[in-house]
Amino acid sequence: MQNRKKDFPILNKQSLVYLDTAASSLTPNAVIDKLNEYYNEYPVNVHRGVYKLSYRATEAYQDARQTIADFISASFEEVIFTRGASSALNLVALSYGEKVLKSGDEVIVSELEHHSHVLPWQQLAKRKGAKLIYVPLSKAGRITVDAFKQVLTDRTKIVALTYVSNVMGYETPIKEITRLAHQKNAIVSVDAAQAAPHRAIDVNDLDCDFLAFSAHKMFGPTGVGVLYGKKRLLDIMDPLEFGGDMNDNVDKFDGDWKDTPYKFETGTPPIAEAIGFAEAVRYIKKIGFKAIIAHENTLRQKAVDALSNIKGVTIYNPTAETGIINFNLDDVHPHDVVSFFDEDHIALRAGHHCAQLLIKWLNVPATLRASFYVYNDEADIDTFIDSVKRARTFFSDIGF
Amino acid sequence: MQNRKKDFPILNKQSLVYLDTAASSLTPNAVIDKLNEYYNEYPVNVHRGVYKLSYRATEAYQDARQTIADFISASFEEVIFTRGASSALNLVALSYGEKVLKSGDEVIVSELEHHSHVLPWQQLAKRKGAKLIYVPLSKAGRITVDAFKQVLTDRTKIVALTYVSNVMGYETPIKEITRLAHQKNAIVSVDAAQAAPHRAIDVNDLDCDFLAFSAHKMFGPTGVGVLYGKKRLLDIMDPLEFGGDMNDNVDKFDGDWKDTPYKFETGTPPIAEAIGFAEAVRYIKKIGFKAIIAHENTLRQKAVDALSNIKGVTIYNPTAETGIINFNLDDVHPHDVVSFFDEDHIALRAGHHCAQLLIKWLNVPATLRASFYVYNDEADIDTFIDSVKRARTFFSDIGF
Amino acid sequence: MHQLETLYRQIIMDHYKNPRNKGLLDDDRYIKNHIKNPSCGDDITIQTLIKSGEVKDIRHEGSGCSICCSSASVLSSLLKGKTVDEAQQVTKSYLNMIMKQPFDESIDLEDALAYQGVTKFPARVKCASIAWKAFEATLKKASEKTDE
Amino acid sequence: MHQLETLYRQIIMDHYKNPRNKGLLDDDRYIKNHIKNPSCGDDITIQTLIKSGEVKDIRHEGSGCSICCSSASVLSSLLKGKTVDEAQQVTKSYLNMIMKQPFDESIDLEDALAYQGVTKFPARVKCASIAWKAFEATLKKASEKTDE
Ligand SMILES: Cc1ncc(COP(=O)(O)O)c(C=O)c1O
Ligand SMILES: Cc1ncc(COP(=O)(O)O)c(C=O)c1O
């Protein structure tokens, strides 16, 4: 892969090894420029304007939706702009789940889920008297088709699983799980927040019913994410929020709604954000997922190999297929370690990564997570590994 | 007022008389620069990072909340960042309203409301069997204290009114209404989307219970708004969305939430947007509301005086106290007129302005709306008036 | 001359002030299609009677700007009496024309040619297309019915 | 020398590895305060026995990084036996010190002075403050009780 660092202003301003992409990716010039274009040239509202500037904003906003629809092989009206992946995943539970879930129904989730994909269903299930069922994880911590078969029943109504775990980096066999779930007439909600930045997604091929992701993890701006839903399902869902731009006719005591996607997007949408998101998608397409995957694999393998040779380092996901390494320095709290890395200008994350169930499953208080993206290179891995080694010595020496 | 046009890149790029602030304000350099600072220098996630960059982002995000709290004399934990005013107003209905509203209760709204402040209550009332009560508008279309007294009863639970109408530009006597409502133990939700950009707001003085506004109408970026709520009420409200960062401990079958404001902000927040919003607030404070109000009054009066002298022009709100003029060219559909203005590089809005109830009350199919802000000057008004005159002649000549 | 004069041609104004075939009928044999333009509130219903492959009658009703209302009237007078195939071709040509796509110039658009000026006002293209889109949907419905 | 050495002073490491006064008691006379650091998951409970204007005992329990856990231990050994007034002054001085505010240097912070290094690591200031904030809240509770 050609050196991408030059595309990212922050990497040209300071010495930084950024290994926290799984939290948020850095922002490339192309996306920043696009945001500036909106704010400098047509910073106006969409939809309701009949003058040229507003027309330009409306067109750009609509083009953004089409670009993102194309990116996952969905159609225009199946792409809903939300505040982010969390908001998108909640919409599935609060609108679709609220409508269909009945007492005694079962909802399948996993301990690999990010809080944003387990809590909405947990709370809904409690409210409805439905049952939350956890897929038993494999010894490595994976969701397998076999384990899924064990929990899938005629009472399963919803399957809510992550596509790529944000801690373990494992890829869930969503396509096969969806096929099985559909045989039981269950619908499948996919958290693709960690998949969309790193894997080509074709919703027709997966055949999943809902799928969500965030812009800020894939070169895009903060403040916007996407919910994909099958049109047939979106059509029967009620809007959650009511107000401007989602309605057709409004009377004093009733109103009717527009069709999807508009009925789910009340008020002024995240205009600049959606336009910037589309530019981020174009940036990804230009690089291509083949190159992205190959690059991340190379970096990951190099890092895993080196880490495995350092005594006193535990890797929790040595076999992951995406660019995430979940690890700890034995006997050192990850927050202590992270300050060491920080002084070496290495940014990575320590904590529960919004996945407390998995951290409990691993039976540790917290972990360190290093995650890679196109702007990382082999020199970054060298710096990282060198820092781990010195950290290991440092903490041992001072008595941890 | 000093000439502010130079602060707005779009006004230095092209000939433009922008009279659509009530839809979205233009964006000043200061805010654009602030967004760039985030994306160029610390484009990372907040809350969970323990490294320096993330610390900087977290501090900036928290400072933004404090800046906006100070702006309306609220405290830090009373300011919730949302997707925008529509989302904020829905949160009041979907969380607080959902919790307290019972069959037979009454909710007072008005025909001046933006759809985003009437539909949430309309739909909730329908669902709960509560009654939606409309304050009868005065002949001029105003909400008066006297009319409010007529509809306030012991059954009133919620009063949901706009502070400044987005079509008529009238200011509602919120303070007096709140005093009366509280005597009946009703709570007051205020839509301040059109007030916050143009009037100093002190929530302690108003004593209202909830208040919402959007950044994009007050020099800020798209994708963010604010819900203010009294802490006492926020404390008893349930979160609407569940997920990352809003929880404390997460167990497989239950979880508990953080305190306000965090319990209402699941997932990665609109980081850049909140930071940009705070910069917008600083920009407003630098100018000062006294200067803003005086300037808008001057422009408005000049425009109203001139329009009143053009035959075949109807003004629907000649006595409004904010910089909004709602009008029509007799016998010409506003969408036809707006194209005429557009060719003269004047941007203003035609339609129902997301306030169909008011448009029905006015008994017209749609209206034209011109709205002013600090970047407009007297020359803009001259251009606008000249265009209205020529439009009047043009449409009469071609047979409208 | 104001730019806008190229848009408001005499034919358009005539159809706007004196709409032909206006008002819906209470007749089940007609196919009805209703389209709204979310961006400006235009709202048009087109009602069509198709028999033996021919467009026997077109009625319309709605509210909107002059471009939107007049184009419903122009459509109704232009396509009434045409075969379904002809109507389809004219519709396609017209929509391509206003969206600045290549279109078959051998097809006579007659009065509808007056809308060519709308291409210079992209924000108004929707106004000029909404009645025709509703009619296009009608033809689709009709062909589905025949297929049954 | 790595930057971090200025942070992990020997006193801190000692209290981290050998925490004093650790473990909560099942005793109603104690005032309990629990604080979490949302940004990194540190979680500390401070349990205090106050009698006749004196801090008779302090216990602590929780999980977190070395800075967080050790500071609870340092706090407990430092403030045990002090009058409420003295404890208040020390707490205020300590919190000002780590937040780089002016603080009364005449007040002897003893072992707690070791945390001065945290000012160079702003992202860790919270870790060093959380136990003390919990104790500060305890004093507030106690004074409210006395006022009643
Ligand atoms: C009075 C009023 N309330 C609410 C809104 C909704 O704001 P937003 O579109 O930013 O959600 C608007 C703006 O359209 C408004 O003018
Ligand atoms: C797997 C997964 N799901 C959901 C989310 C939530 O995304 P956001 O914070 O953008 O709402 C994240 C990111 O934190 C994630 O990693």
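Below, read A as the first sequence line, B as the second, and so on, with proteins coming before strands; counting in each chain starts at 1. Values in this document were obtained by computation on a predicted structure and should not be read as measured data.
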Considering all heavy atoms, the nearest B:Asn249-D:Lys36 contact: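 Reported closest heavy-atom pair: N-NZ, 4.0 Å.
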Least distance between heavy atoms, D:Ala123 atom then B:Tyr55 atom: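 Shortest heavy-atom separation between D:Ala123 and B:Tyr55 comes out as CA-CD1, 3.5 Å.
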Near [X] [atom1], under 6.0 Å, is it more than 12 heavy atoms from other residues, nucleotides or ligands?
X        : atom1 : value
D:Lys92  : NZ    : no
D:Lys80  : NZ    : yes
B:Asp256 : CG    : yes
B:Gln183 : CD    : yes

Straight-line distance of B:Thr58 OG1 to D:Lys126 NZ, nearest 0.5 Å: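 Going from OG1 on B:Thr58 over to NZ on D:Lys126, the span is 7.5 Å.
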